[in-house]
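Count residues from 1 along the sequence.
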Amino acid sequence: MLDSALLNEYRRMRLAYPTRDCGFALHWARANVASGKAWGIGYPSFIPAATIGAPFKVGGDFCRWIETPDQYGLRFVGFADNIAPRSVRHTGWFLDDEGMGEKARGVVFRLPSRNGRALLVAGIADPYNNGPAIVSLESTEDETTAAIWADHLADRYASAERDYQRVTSARARFDELADHISGERKQCLALIAELKPRMRSFGPATCKALRGAVADALESIGQARQERADIFDAFGSHAAWES
């Protein structure tokens, strides 16, 4: 069991180096306590929920959303397109198919140096807020490599967001069609129920018109059902379908 001084320093190291694993934090916590370099300030939690999110995947990369990267020792180096303009010839990837909304833009951060080594991590500037970032847990020592990683990360993030928007839009249409079918069916049944006992009193032209109205309603229902089936075949297996 960790004593209080070691536990406190362990929590501080997790805060200072959120991209490194628990073993790294424990190793340096023990070293700092042994050398007298441990801080005396209390750290009750090493993952504050309000400022850093749980790990999640962007493509194949594990990332974290961080509200204030500088508080975790991440120094802003630059945007991917500014660091590697020959490789990244744009200022981000659109999050919508129309290409008119927000962009996911690659960004590079520098980790606190250790033993003279300056490590860099790729990230994405939060498309909806100024300051926060989505940061990869992988690191490199080369700025150009980090910039290219960041651009690829932003590309995958934007692609996933566009997919999500397509699915949610398709689901909205799917539900709208269900309401349409229900409404058409109710009207059709009400019309049949009202007119069936009175059909003999109508002339041929009126009967033909009424049968045509019922047939149109049934055709509309059939088309809506087919469209719903096509939508479900295309999008029903996506994780966002039930969200």
Any donor-acceptor N/O pair, Arg75 side chain to Arg110 backbone, under 3.5 Å: no
Minimum-distance pair of heavy atoms, taken over all atoms of Val77 and Leu120: CG2-CD2, 4.0 Å
Atom pair CG (Asp126) and CD1 (Ile66), whose distance is rounded to the nearest 0.5 Å: 11.5 Å
For Phe56, does the CZ atom sit with more than 12 other heavy atoms under 6.0 Å from it, leaving out its own atoms? yes
Distance from Glu143 atom CD to Ile83 atom CD1, nearest 0.5 Å? 5.5 Å
Anything under 30° is parallel, anything over 60° is perpendicular, the rest tilted; go ahead and classify Phe76 against Phe109. perpendicular
Counting only N and O atoms by type, is there a donor-acceptor contact under 3.5 Å from the side chain of Asp96 to the main-chain atoms of Gly101? yes
Please tell me whether Leu177 and Trp241 are part of a single hydrophobic cluster in this structure, the criterion being side-chain heavy atoms less than 4.5 Å apart. yes
Checking Gln165 side chain against Leu95 main chain: does a donor-acceptor pair fall under 3.5 Å? yes
Taking only residues two or more places apart in sequence or in another chain, which ones pass side chain to side chain donor-acceptor pair (under 3.5 Å) with Glu184? none
Over all atoms of both residues, closest heavy-atom pair of Pro127 and Glu102: O-OE1, 3.2 Å
Taking every non-hydrogen atom, the tightest pair across Phe94 and Arg162: O-NH1, 2.7 Å
What's the shortest heavy-atom distance between Arg228 and Ala178, and which atoms? NH1-CB, 3.1 Å
Given 3.5 Å as the limit, does a donor-acceptor pair link the side chain of Ser169 with the main chain of Arg166, or not? no
Would you say the side chain of Asp61 lies within less than 4.5 Å of the side chain of His152, judging by non-hydrogen atoms? no
Taking the side chain as C-beta and beyond, is there a heavy-atom pair between Leu119 and Thr140 under 4.5 Å? no
Identify the heavy atoms of Val107 and Ala125 that sit nearest to each other, and give their distance. CG1-N, 3.6 Å
Indicate if Val214 and Ile221 have the same hydrophobic cluster label, given that clusters are the connected sets of ILVMFWY residues with side-chain heavy-atom separations under 4.5 angstrom. no
Hydrophobic clustering (ILVMFWY, side-chain heavy atoms < 4.5 Å, transitive) - are Tyr72 and Val135 grouped together? yes
Measure from the side-chain N and O atoms of Asp142 to the backbone N and O of Thr145, and report whether any donor-acceptor pair falls under 3.5 Å. yes
Report yes if some heavy atom in the side chain of His180 is under 4.5 Å from a heavy atom in the side chain of Glu176; otherwise report no. no
Do Met100 and Tyr157 belong to the same hydrophobic cluster, where Ile, Leu, Val, Met, Phe, Trp and Tyr are linked whenever their side-chain heavy atoms lie under 4.5 Å apart, directly or via other members? no
Look at the side-chain heavy atoms of Ile, Leu, Val, Met, Phe, Trp and Tyr, link any pair under 4.5 Å apart, and say whether Phe232 and Val167 land in one connected group. yes
Let me confirm one number: the CD1-CG distance from Ile148 to Asp151, rounded to the nearest 0.5 Å. 8.5 Å
To the nearest 0.5 angstrom, please state how far the CG atom of Leu218 sits from the CZ atom of Arg185. 10.0 Å
Roughly how far apart are Thr168 OG1 and Phe174 CZ, rounded to 0.5 Å? 14.5 Å
Look up atom CG in Asp97 and atom CG in Asp163, then write down how far apart they are to the nearest 0.5 Å. 8.5 Å
Ile231 to Ala170 - nearest heavy-atom pair and separation: CG2-O, 3.7 Å
